[in-house]
Amino acid sequence: KMVEMCNEALDVASSLRMNLNVGGVDLVDGDLRSTLAFLTHLARYSRGERQNITLRRTTPVIQWANHQVAERGKKQTHNMIHSFKDHILRNSQYVFQLLSSFYPKAVNLNFISPGHSDEEARANAKYLLTLMWSLDIPVCILVDDIVNVRPNPMKSMIETMHAHYSLLCSRPRLL
């Protein structure tokens, strides 16, 4: 019965032009990646982003992110990304710099390691996700997606940060 209900939900999502390679069995079995893919598409749809997640037209988001990091005072060329496959995203340092550009006091540098080893990169990714969730940035990404630099989840995370930043800038400031 649960598989039928999940398949029905996926059929509705399919009719809304959400291209998912997920089956109802995956959702019932609790496959985390499938569940996150489904929830990410639903969140994007509810925000009005009805396009498929693709790696096309990433330049504006990358330019925004690089501009934010440069504005923060980190103007070294090795701190710029050119795509969501860039290996410098692995240790989360770049994303911490990006997050610091609009939440300067939120990132505690004592919890961040250089990220040279797998354990350090994983610890940084865990801290990054905890920090983003505590700041109400609704990211749907796994620690493994960050450590393995998977381009689609990385793109989704940085686009979500961009949307969150746009919301922050549009809100009136309180005295």
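These numbers were taken from a predicted model, which means no experiment stands behind them.
- The minimum heavy-atom distance linking L131 with F96 is given by the pair CD2-CE2, 4.4 Å.
- In terms of modelled atom types and a separation under 3.5 Å, the side chain of Y103 and the main chain of M132 share no donor-acceptor contact.
- The shortest distance between side-chain heavy atoms of Y127 and N108 falls below 4.5 Å.
- To the nearest 0.5 Å, atom CG of residue L89 and atom CE of residue M157 are 7.0 Å apart.
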Q: Evaluate the criterion side chain to side chain contact (heavy atoms under 4.5 Å, CB included) for residue pair I146 and V143; output intermediate values, then yes/no.
A: CA-CA 5 Å; I146 296 172; V143 170; 5.9 Å; no
(Q) I'd like to know whether L99 forms a side chain to side chain contact (heavy atoms under 4.5 Å, CB included) with I137, so could you lay out the CA-CA distance, the side-chain angles of the two residues, the decisive distance to 0.1 Å, and finally the verdict. (A) CA-CA 10 Å; L99 192 59; I137 302 174; 3.7 Å; yes
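- A single hydrophobic cluster is not seen to contain both V28 and M5; linkage of ILVMFWY side chains at heavy-atom distances under 4.5 Å, directly or through other members, places them apart.
- No donor-acceptor pair under 3.5 Å is formed between the side chain of N91 and the backbone N or O of H116.
- Across A65 and I158, no two heavy atoms sit closer than the pair CB-CG2, 4.2 Å.
- Listed by first and then second residue, the salt bridge (Lys or Arg N to Asp or Glu O under 4.0 Å) pairs involving residues 118-130 are R90-D118, R122-D144 (not counting sequence neighbours).
- To the nearest 0.5 Å, atom OG of residue S134 and atom CG of residue D136 are 8.0 Å apart.
- Listed here is the closest heavy atom pair of G24 and L10: N-CD1, 3.4 Å.
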Q: Report the C-alpha distance between M154 and I141 in whole Å, list the side-chain angles of each, state the deciding distance to 0.1 Å, and finish with yes or no for side chain to side chain contact (heavy atoms under 4.5 Å, CB included).
A: CA-CA 8 Å; M154 296 301 284; I141 188 170; 4.0 Å; yes
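- Under the 3.5 Å distance criterion, the side-chain polar atoms of S156 are left unmatched by any main-chain donor or acceptor of P153.
- Summarising the geometry of H162 relative to W64, their closest heavy-atom pair is CD2-CD2, 3.2 Å, with the distance given to 0.1 Å.
- Put simply, the side chain of D26 gets close to the backbone of G23: a donor and an acceptor are under 3.5 Å apart.
- A donor-acceptor pair under 3.5 Å is absent between the side-chain atoms of W133 and the main chain of P138, judged by distance alone.
- Judged purely by atom type and a 3.5 angstrom limit, Q93 has no side-chain atom pairing as donor or acceptor with the backbone of I112.
- Between the side chain of N7 and the backbone N or O of E4, no donor-acceptor pair lies under 3.5 Å.
- Contact record, N124 with P114: ND2-C, 4.4 Å, taken as the closest heavy-atom pair.
- Each of V61, I81, L98 was scored for a side chain to side chain contact (heavy atoms under 4.5 Å, CB included) with N66, with one residue passing: I81.
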**Q.** Working for side chain to side chain contact (heavy atoms under 4.5 Å, CB included), residues D86 and S83
**A.** CA-CA 6 Å; D86 276 356; S83 76; 3.7 Å; yes
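- Hydrophobic clustering keeps L27 apart from V25 (ILVMFWY residues linked when any side-chain heavy atoms are closer than 4.5 Å, directly or through intermediates).
- Hydrophobic clustering, with ILVMFWY side chains joined whenever heavy atoms are under 4.5 angstrom apart, groups L109 together with L129.
- Residues Q68 and F102 approach most closely at NE2-CD2, 4.4 Å, considering heavy atoms.
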